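Residue numbers start from 1 in every chain, and the chains themselves are labelled A, B, ... in the order their sequence lines are given, proteins ahead of strands. The structure presented is a predicted model; accordingly, all values stated were derived computationally and were not measured.
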Number of protein chains: 2
Amino acid sequence: MSDPTAPGPLAATAALMADPARARMLAALMGGQALTAGELARIGGVTAATASGHLARLADGALLVVHAQGRHRYYRLASEEVAAAIEALGGLAARLAPPRPWKHGEAARGARLCWNHLAGRLGVTVHQRLTGQGWLTPAAGGWDASIEGRRRLAATGIDLDRAASARHFACDCMDWSERRPHLAGGLGREMASAWMTRGWLRRAAAEGDGDILARRRLSLTPEGARGLHESLGIDAA
Amino acid sequence: MSDPTAPGPLAATAALMADPARARMLAALMGGQALTAGELARIGGVTAATASGHLARLADGALLVVHAQGRHRYYRLASEEVAAAIEALGGLAARLAPPRPWKHGEAARGARLCWNHLAGRLGVTVHQRLTGQGWLTPAAGGWDASIEGRRRLAATGIDLDRAASARHFACDCMDWSERRPHLAGGLGREMASAWMTRGWLRRAAAEGDGDILARRRLSLTPEGARGLHESLGIDAA
DNA sequence: CCGCCATTTCGCTGCGGCCCGAAGCATCCG
DNA sequence: CGGATGCTTCGGGCCGCAGCGAAATGGCGG
């Protein structure tokens with residue numbers, strides 16, 4: 001007989017996100033970077049001892065994965081699904097408590113990272129442009145790229161082979177600030193990384209972690225704006 | 001100064017789902033029906049007094065909405081976003097603990113309700129057929145229907161005007177058992193309701209709530225299988 | 001108008017968890 | 001090899017909250 005009071009998988013997973021310190025850690029990790037236990041302790045606002053316990057629980061629950069390197073232990077989100085669930089929950093919360101609409105400023109709405117891919121208004125604009133022009137075509141479980149689409153994307157510096165080697169080449173991820181999908185999957189990841197190495201996007205510094213969203217914020221450089229206009233016909237603000 | 005230990009919106013929302021009794025109630029409400037406080041108390045495995053407190057918190061957190069009718073109070077999920085978040089979280093949990101793969105039997109994988117629209121293998125098949133044939137075309141924030149698509153869908157008894165009056169005509173919702181999207185939005189809702197009134201789909205009874213998923217399970221009738229074959233060219237198992 | 005029923009409010013008890021300080025390992029550096 | 005740093009484990013204190021029974025509220029039927 002299974003205990004009828006046993007916490008189902010849903011409750012167990014939700015409980016992992018239900019603690020303020022853990023939630024802050026997860027939010028910080030939505031920036032896509034791997035962070036050390038110490039950094040996460042500071043972000044969570046707890047001592048190293050407490051943070052260690054939290055991180056162990058999150059890793060045990062398969063929300064995080066650890067990578068030991070020397071005397072540091074780097075934690076990062078375990079998968080795209082985890083990021084999507086956090087994004088979905090965060091979006092829920094945002095919609096019901098908009099008393100201070102965007103205290104983070106409009107900056108975070110413009111462009112930011114969602115786990116490892118591009119989100120925010122720019123991410124949504126790219127999604128609409130690519131699908132609207134037929135450069136991405138519906139495929140099982142997501143999108144595929146047309147011939148012309150591959151040409152255009154390659155012109156922005158994206159390695160399409162690497163994008164195709166991901167579990168999904170391209171699929172939708174709901175953007176919680178724009179309420180429209182942006183691109184996740186291998187293509188989403190490559191867009192973010194290629195455009196950052198090319199200098200089209202820059203992390204909006206802000207090492208002082210006064211704000212959790214700060215780590216996710218991106219800014220489009222002038223070269224990026226020009227590049228996106230020329231190769232994809234996108235005119236970003 | 002805002003309290004740095006204040007539970008952010010993410011943690012607050014997650015906490016609402018983190019209690020076993022509340023999670024069971026939410027899971028039951030994923031069937032799309034509105035249930036009374038008493039029924040939810042039984043499903044949650046707690047007394048009416050305890051359940052009342054839980055339901056008040058869920059409603060206060062905007063996860064549920066109440067509808068008072070006589071001396072009964074009917075609770076249902078507040079929105080599509082809430083259902084999507086629960087589905088995302090549930091999917092996370094399912095992937096990391098598949099020791100007993102599908103104790104609910106394969107039945108629930110075949111066809112079930114997700115909030116108010118069709119999910120499961122059938123839902124995914126319909127999604128693939130409609131998009132693969134070009135009967136649904138990518139549009140801002142989801143899908144639009146082509147001329148031929150409208151003709152085919154209308155032939156199955158769907159009221160397209162009512163579907164179009166929803167916030168989204170059609171958009172993707174990730175299916176946690178199939179790992180592929182099925183159709184949500186107005187069209188998803190109309191598909192489920194039209195096909196059920198037409199007798200193509202039937203709720204798989206099971207009033208004895210021994211199983212939470214039971215309330216969501218659907219079965220495709222012989223007429224339904226024939227109808228889907230003739231109008232959409234779908235051959236469901 | 002009175003009693004029944006579904007639901008909520010109140011007061012209380014008990015468990016689970018979050019948190020920290022101190023101690024124990026592991027790793028890097030001089 | 002010894003000290004410093006990063007992280008984890010251990011032990012104990014404390015608060016929050018889920019749980020119940022009992023009593024109050026509000027609708028319904030005779």
Given atom CG of B:D60 and atom C1' of D:dC17, what is their separation to the nearest angstrom?
16 Å
Degree of bending in the helix from C:dC4-D:dG27 to C:dG30-D:dC1 once both end axes are built from five pairs, to 10°:
30°
Do any side-chain nitrogens or oxygens of B:R73 fall under 4.0 Å of OP1 or OP2 in C:dA6?
no
How long is the span from the OG1 atom in B:T221 to the CZ atom in B:R198, to the nearest 0.5 Å?
11.0 Å
Looking at D:dA18, I'd like to know if its phosphate oxygens (OP1 or OP2) sit under 4.0 Å from a side-chain N or O belonging to B:T50.
no
Using whole Å, what does the distance between atom P of nucleotide C:dG17 and atom NE2 of A:H54 come to?
12 Å
So does B:A15 get a backbone contact from the side chain of B:R22, meaning a donor-acceptor N/O pair under 3.5 Å?
yes
Once you round it to whole Å, what is the distance between P of D:dT8 and OH of A:Y74?
13 Å
Taking the side chain as every heavy atom from C-beta outward, state whether B:L118 and B:H182 have any pair of such atoms under 4.5 Å apart.
no
Tell me whether the side-chain N or O atoms of B:R71 pair up with the base of C:dT7 as donor and acceptor below 3.5 Å, since no angle test is needed here.
no
Is the shortest side-chain N/O distance from B:S52 to OP1 or OP2 of C:dT8 below 4.0 Å?
yes
The answer to which of B:T47 and A:A37 contacts DNA chain D further toward the 5' end, by nearest nucleotide, is A:A37
Enter the distance from B:R167:CZ to B:E80:CD here, rounded to the nearest 0.5 Å.
7.0 Å
In whole Å, I'd like the distance from the CZ atom of B:R22 to the C1' atom of D:dG19.
12 Å
Expressed in angstrom and rounded to an integer, what is the separation of A:Q69 atom CD from C:dT27 atom P?
13 Å
Within the 4.5 Å heavy-atom criterion, are B:L63 and B:I86 side-chain neighbours or not?
no
How close or far is atom P of D:dT9 from atom CG of A:L55, stated in whole angstroms?
11 Å
So do B:R203 and B:L218 actually touch side chain to side chain, heavy atoms under 4.5 Å?
yes
Could you check how far CG of A:L35 sits from P of D:dG6, rounded to whole Å?
15 Å
For D:dT5, does either OP1 or OP2 sit under 4.0 Å from a side-chain N or O belonging to A:H72?
no
D:dC7 P sits how many Å from A:R57 CZ, rounded?
20 Å
Most 5' of A:G70 and B:Y75 on DNA chain C, judged by nearest nucleotide
B:Y75
Candidate nucleotides C:dC18, D:dG19, D:dT8, ranked by approach to the side chain of A:D19 - the nearest
C:dC18
Inter-residue atom distance A:R216.CZ - A:M30.CE, 0.5 Å rounding
4.5 Å
